[in-house]
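Note that ligands are numbered from 1 as they come in the structure, with each ligand's atoms numbered from 1 the same way.
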Amino acid sequence: MILADYHFHSSFSSDSETPLVNQFEAGINEHNLKYMCVTDHLDYDWCEDPEGFDFMLDMEAYLEEIKKLREQFKDKASIKTGVELGIQSHVKSDLDAFYAKYKDKLDFIIASTHLVEHMDPYYPEYFEKFKDKSILRYLEVTLDNLDVFKDFSVYGHLDYVVRCSKRFGIEYKPEEYMDIYDAILKKIISLGKGIEINTAGFKAGLDHAHPHPSVLKRYKELGGEIITIGSDAHESKHIAYNFSVVPDILKAAGFKYYTVFSELKPEFIKID
Ligand SMILES: [Zn+2]
Ligand SMILES: [Zn+2]
């Protein structure tokens, strides 16, 4: 049984309307989670968004609310403070300034590729531009992003783009991308950082979490040990989404432990 959800959002994120307290209540009362880390979105210079989102984060109000809820739930679960940072090369100075200002207040940082050349793969223009190179381009930018910002805990949803590519008729064969996955995974391992298993892939109708099991297996073969588990829930009904299948996925890839973070340092929990 998995005891930790280390990737979910609340109304502090542009794209969620769920009060943070509801997320903790769902995790603790319905899924018996013992470790919960909220990771609301912060994306500097978001693209022009049809839904009007800006993905900025009111850090002071966010930290205040987490502090209050940590106290409220202190006998039931370990509540941690995280953030999901969208990486783009031209916002490097914003990311570095954010890290310098808040590193002592954070337990966990997810770095994610959300935009590629300032386009969101969620929308058709991305696939119209890159066509059958759409998945590769996303991974190339992810590799470049590892030189832009290195102060993260785990890199988020490595093959997020395939959530979208399916809608545009592009078939995902992970084995076609193993060279670039190797480069990405080796870089992450050499930085002493990790990846996550993100179960929102299932929610999006894929038959796998992010990343695909073959990528997870490769990460372990290359020496990767740090792996957090996240639902990427934006609503309470998706907290710990499909976590019942996660122990088998992790064991099949060779993992005996999964990871939680406290004060930006990894701690390991045995999979049982
Ligand atoms: Zn994300
Ligand atoms: Zn997320």
Side-chain angles (χ1 to χ4, degrees), residues 4-18 20 22-24 26-27 33 36-47 49 51 53-57 59 62 66 80-88 91 95 98 106-116 118-123 126 135 138-139 141-142 145-146 148-149 152-166 184 188 193-206 208-212 215 227-243 246 260-261:
D5 192 336
Y6 257 59
H7 187 159
F8 59 87
H9 299 273
S10 76
S11 54
F12 284 97
S13 288
S14 289
D15 61 349
S16 170
E17 290 175 2
T18 310
L20 183 51
N22 296 19
Q23 301 292 52
F24 291 126
L33 296 180
M36 294 187 75
C37 184
V38 55
T39 55
D40 271 312
H41 284 293
L42 175 57
D43 285 79
Y44 291 103
D45 192 31
W46 188 248
C47 59
D49 190 299
E51 298 184 62
F53 298 147
D54 69 359
F55 290 106
M56 292 307 287
L57 179 58
M59 272 307 280
Y62 181 58
I66 297 170
K80 299 294 180 189
T81 307
V83 65
E84 181 178 13
L85 291 177
I87 311 300
Q88 298 184 78
V91 300
L95 295 166
F98 172 85
L106 292 168
D107 292 296
F108 182 57
I109 299 171
I110 300 175
S112 292
T113 304
H114 287 141
L115 298 180
V116 171
H118 216 226
M119 278 182 278
D120 183 348
Y122 188 79
Y123 296 110
Y126 176 81
I135 295 171
Y138 180 88
L139 296 173
V141 167
T142 296
N145 284 347
L146 293 168
V148 172
F149 182 73
F152 60 91
S153 312
V154 301
Y155 213 90
H157 48 61
L158 275 187
D159 52 9
Y160 162 81
V161 68
V162 307
R163 257 190 241 183
C164 315
S165 58
K166 201 172 169 229
I184 290 169
I188 289 172
K193 308 301 181 184
I195 64 170
E196 65 162 357
I197 180 162
N198 180 311
T199 59
F202 294 121
K203 201 172 66 191
L206 301 174
H208 59 86
H210 301 292
H212 188 278
V215 180
I227 179 112
T228 59
I229 302 161
S231 63
D232 214 344
H234 289 64
E235 298 174 67
S236 297
K237 66 182 180 191
H238 293 136
I239 290 282
Y241 187 80
N242 223 4
F243 275 18
V246 171
V260 293
F261 274 79

(message) Using a 3.5 Å distance criterion without hydrogens, assess whether the side chain of E84 forms a donor-acceptor pair with backbone atoms of D40.
(response) no
(message) Angle at the Zn ion (ligand 2), OD1 of D232 to OE1 of E84, rounded to 10 degrees, please.
(response) 170°
(request) Taking the Zn ion (ligand 2) as the vertex, measure the angle between atom NE2 in H7 and atom NE2 in H9; round to 10°. (result) 100°
(request) Could you tell me whether the side chains of D43 and H114 share a donor-acceptor contact shorter than 3.5 Å? (result) yes
(request) Show the numbers, then the answer: is there a side-chain contact (heavy atoms from CB on, under 4.5 Å) between Y241 and D5? (result) CA-CA 9 Å; Y241 187 80; D5 192 336; over 6 Å; no
(request) Report yes if some heavy atom in the side chain of D15 is under 4.5 Å from a heavy atom in the side chain of F55; otherwise report no. (result) yes
(message) Given the Zn ion (ligand 1) as the apex, I'd like the angle to NE2 of H114 and NE2 of H157, rounded to 10 degrees.
(response) 100°
